[in-house]
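Every heavy atom of this structure was used, including side-chain atoms; hydrogens, water molecules and symmetry mates were not. Residue numbers begin at 1 in each chain, while the letters A, B, ... track the order of the sequences.
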Amino acid sequence: MAKNLVIVESPAKAKTIEKILGSDYDVRSCFGHIRDLEKDAMGIDINNNFKPKYIVPEDKEKVVKELKKLAKDTQEVWLATDEDREGEAISWHLCEVLGLDPYSTKRIVFHEITKPAIERAVLKPRLVNMDLVHAQQARRILDRIVGFELSPVLWRKMSMRNSLSAGRVQSVAVRLIVEREREINHFKSVSTFKVEAYFTAKDINGKSVTFKAEGPSRFKSVEDAEKFLQQCVGASYSVRDIQVKPARKTPAAPFTTSTLQQEASRKLGYSVSKTMLLAQKLYESGQITYMRTDSVNLSETAMTDLKAAIVNNYGDKYYQERKFKNKNESAQEAHEAIRPTYATNQSVDDADTRKLYELIWKRTLASQMSDAELEKTTAKIAISTSPEELTANGEVMKFDGFLKLYLEGRDEEDVADEDDEQEGSLPLLAIKQQLDLREMRATERFSRPAPRYTEASLVKKLEELGIGRPSTYAPTITTVQKRGYVEKRDKEGIKRTFRILTLKNDQIKQVEDQENTGAEKSKLFPTDLGMIVTDFLNQYFNSVMDYNFTARIEGEFDEIANGKKVWNNMLQDFYSPFHKDVENTLENAERVKGERQLGVDEATGKPIVARMGRYGPMIQIGKVEDEEKPRFAKLKQTQSIETITLDEAMELFRLPRNLGQFEDQDVTVNIGRFGPYAQHDKQFYSLKKEMDPYTVELDEIAPLIAEKRTAKNERTIKVFEKEKIQVLKGPYGPYLKVGLKNYKLPKEKLEHPEALTVEECKAIIEEAKANPPKKKAPPRKKKAE
DNA sequence: CAGTGAGCGAGCTTCCGCTTGACTT
């Protein structure tokens, strides 16, 4: 039995630290929080100064039991949880549960897992900081109150569905997405004309080179653009001025959780949860430091190693020591930045994991490398027939520096223009040099709304607002999707024509071209439910929904942590007005139906409404109390109650069509995921190409049914258990079909499949399950671009 | 590859933040 028990949060950390501290220390992990508020009720005695009722959750009982035993048999317990609010609270909970005195038990902290840092920490133990613990407790209780008082309000006031939820973080995340969607829906695109001129000039070697210059301001109308081109007819062009300026680029800071998620999304297309899963693997296998962090700091030893690696591989010129500071005030910096454990590039087996590792490795090294040095050239080109002038920009890299390894990706919203290409180099030009115009073009461009959020850009926004923590970004995004407030999907673009005016050989021509616009991939869209719930919460609980709410209360938690505020008082100040809002809403708010009147059906005069049904957004024509029953239709995924038009709604009523009965069963026609189909007696029938689902008639469907039946009869050898198990004849021989799964018959049964018994079939299925088939076929090759 | 859809009421749901496996396919 070791003399000392050290408790940390993460088991991977425990292993490393145990190696460093040696055999006198038994280093164990508590796996994060070991107690939480009681789950079945509020878990807070609000009238008794917000006294919390903590319990050990079931899945933590085992860990707690083991730690209790170890703590009893050891001389000294060291609490080495993370140095942040949550870590401090975990230490206090450990005291409570393990029967340790928080006023004498040793509390140690370190920000990096290196021998000197840990040895230093052991020499300087302190006590649990109760102010910090109280700040955490206030945070926890406030979140519970908000979540467990708001959610039931939704259950009462929303007429649609169960298991709705609201919370300080998730509801604001949904609000961001809802507001962005409406911004996009209300966006009015305006077009401008951008002028580009292509010149040829002789460079130093007498070689003819083409380069591009941009026009003066953008023109607001096609007439203005044409006027300008007209002016240029017969003009000559000469270089008026050349400016050469040095420029520098600086590397980005090492990764935090949020920047890693953003960059892996931009460069590798990973979802935030995929990034975290792979990072966890790298952390557990000792390849990277802890992956849930908000710090951009690198440890001293890491800095030394990075320097050596950069100097060895690229030379002195490429090294530049840098210390980054966190821009984010809400950062708690209990860990280092995410960096590779070893400065030399390690090999990682799995391809996806390796890509993430390389990203981390490159970003970390680049952060300690020199600036890239550029030379930017701007040439002004005069037009003999106009006071306007054209500008040509060129960029030449003089020294690559950190760009040798890494360049940070850019978000869509930061890219101002869609045709923002890399600037090339310009030929060496002389002032007054005459230039030959090959072609001048004025192209119509349209302004674009802000793009919809991706998972990663939402994380970025939440972090900027100080909402959520590194450990919760990925789960929050999962939650809002699971609750049905938000959907991740692609959007097809629409074709748009744009005009191009060209001036060539002193002739002006206008042509039209087409572009695909508005296509988006893996973006977050609010659902109707998300919009309705957000509107409701905004109306009745605007203080909690305020984007600055978290930042404000974080300030108060800081005051509690500094001993300037008492936690119960802070909670009381929050609770009184909040609870009043809850009561007021329960009493006065109407049940929300999420209904929108679309108009009336011209043919029948019946009203048409779009609303939330029990199964999601729908449209309804006619009323329940009408003599003729109302008809209903489900909205398509891409439609929403807020934006659907009357015409679109009427279109939805055209299908499904009921064609009448065939053999006492209805025949209906609809369009499904795989195209138009008919349905009869629980069977589906694909329509033939020449059949139109809107006009096809019953007699045309009947042959399909007959055809399928004979095909089935011909193929069926034997059937067991009400068609659950079928023996069928396939093109490669007889096989067994159970539900959607097919099973091969063993060789000795192939000759007489009709002799199979139920028992034999079941044995074949069991056998197949016990010995799963060999690996799946290799993944399909990506389509060539 | 579906359609379902009243209103009532019983009985249910829910938060954020800290950590990983134990599950099944």
Quiz item: Under a 3.5 Å cutoff on both atom distances, Watson-Crick or G-U, what's the dot-bracket for DNA chain B ([ ] crossing, | other strand)?
Solution: .........................

Review item, nucleotides 20-24 of chain B N/O atoms under 3.5 Å of protein N/O:
unit_1: B:dT20; atom_1: OP1; unit_2: A:S10; atom_2: OG; d: 2.5
unit_1: B:dT20; atom_1: OP2; unit_2: A:Q280; atom_2: NE2; d: 3.3
unit_1: B:dT20; atom_1: OP2; unit_2: A:R292; atom_2: NH2; d: 2.7

Quiz item: Does any pair with a residue in residues 36-46 of chain A pass salt bridge (Lys or Arg N to Asp or Glu O under 4.0 Å), and if so which ones, sequence neighbours excluded?
Solution: A:D36-A:R140, A:E38-A:K53

Quiz prompt | Pairing residues for A:E9 by the side chain to side chain donor-acceptor pair (under 3.5 Å) criterion, not counting sequence neighbours | solution = none

Quiz prompt | Partner residues of A:R657 under the side chain to side chain contact (heavy atoms under 4.5 Å, CB included) criterion, sequence neighbours left out | solution = A:L655, A:L659, A:V696

Quiz item: Which part of the nucleic acid, if any, lies within reach of A:S165 when heavy atoms closer than 4.0 Å are counted: base, sugar-phosphate only, or nothing?
Solution: sugar-phosphate

Quiz prompt | Partner set under side chain to side chain contact (heavy atoms under 4.5 Å, CB included) for A:D535, not counting sequence neighbours | solution = A:R182

Less than 3.5 Å apart, which donor and acceptor atoms pair up between the side chains of residues 462-470 of chain A and the rest of the protein, not counting sequence neighbours?
unit_1: A:E463; atom_1: OE1; unit_2: A:S258; atom_2: OG; d: 2.7
unit_1: A:R469; atom_1: NH1; unit_2: A:D294; atom_2: OD2; d: 3.2
unit_1: A:R469; atom_1: NH2; unit_2: A:D294; atom_2: OD2; d: 3.1

Self-check item: Centroid-centroid distance, A:Y685 to A:Y677, less than 6.0 Å
Solution: no

Heteroatom pairs (N/O) under 3.5 angstrom, protein to nucleotides 3-5 of chain B:
unit_1: B:dG3; atom_1: OP1; unit_2: A:N670; atom_2: ND2; d: 2.4

Exercise. With sequence neighbours excluded, tell me which residues meet ring pair (Phe, Tyr, Trp, His ring centres under 6.0 Å) with A:F653.
Key: none

Polar atoms only, N or O, under 3.5 Å: list the protein pairs with nucleotides 8-11 of chain B and their distances.
none

Quiz item: Does A:V609 have any side chain to side chain contact (heavy atoms under 4.5 Å, CB included) partners at least two apart in sequence or in another chain, and if so, which?
Solution: A:E595, A:Q597, A:Q620

What donor-acceptor contacts under 3.5 angstrom involve side-chain atoms of residues 59-68 of chain A, with partners at least two apart or in another chain?
unit_1: A:K60; atom_1: NZ; unit_2: A:F31; atom_2: O; d: 3.0
unit_1: A:K60; atom_1: NZ; unit_2: A:H33; atom_2: O; d: 2.7
unit_1: A:E66; atom_1: OE2; unit_2: A:R28; atom_2: NH1; d: 3.3

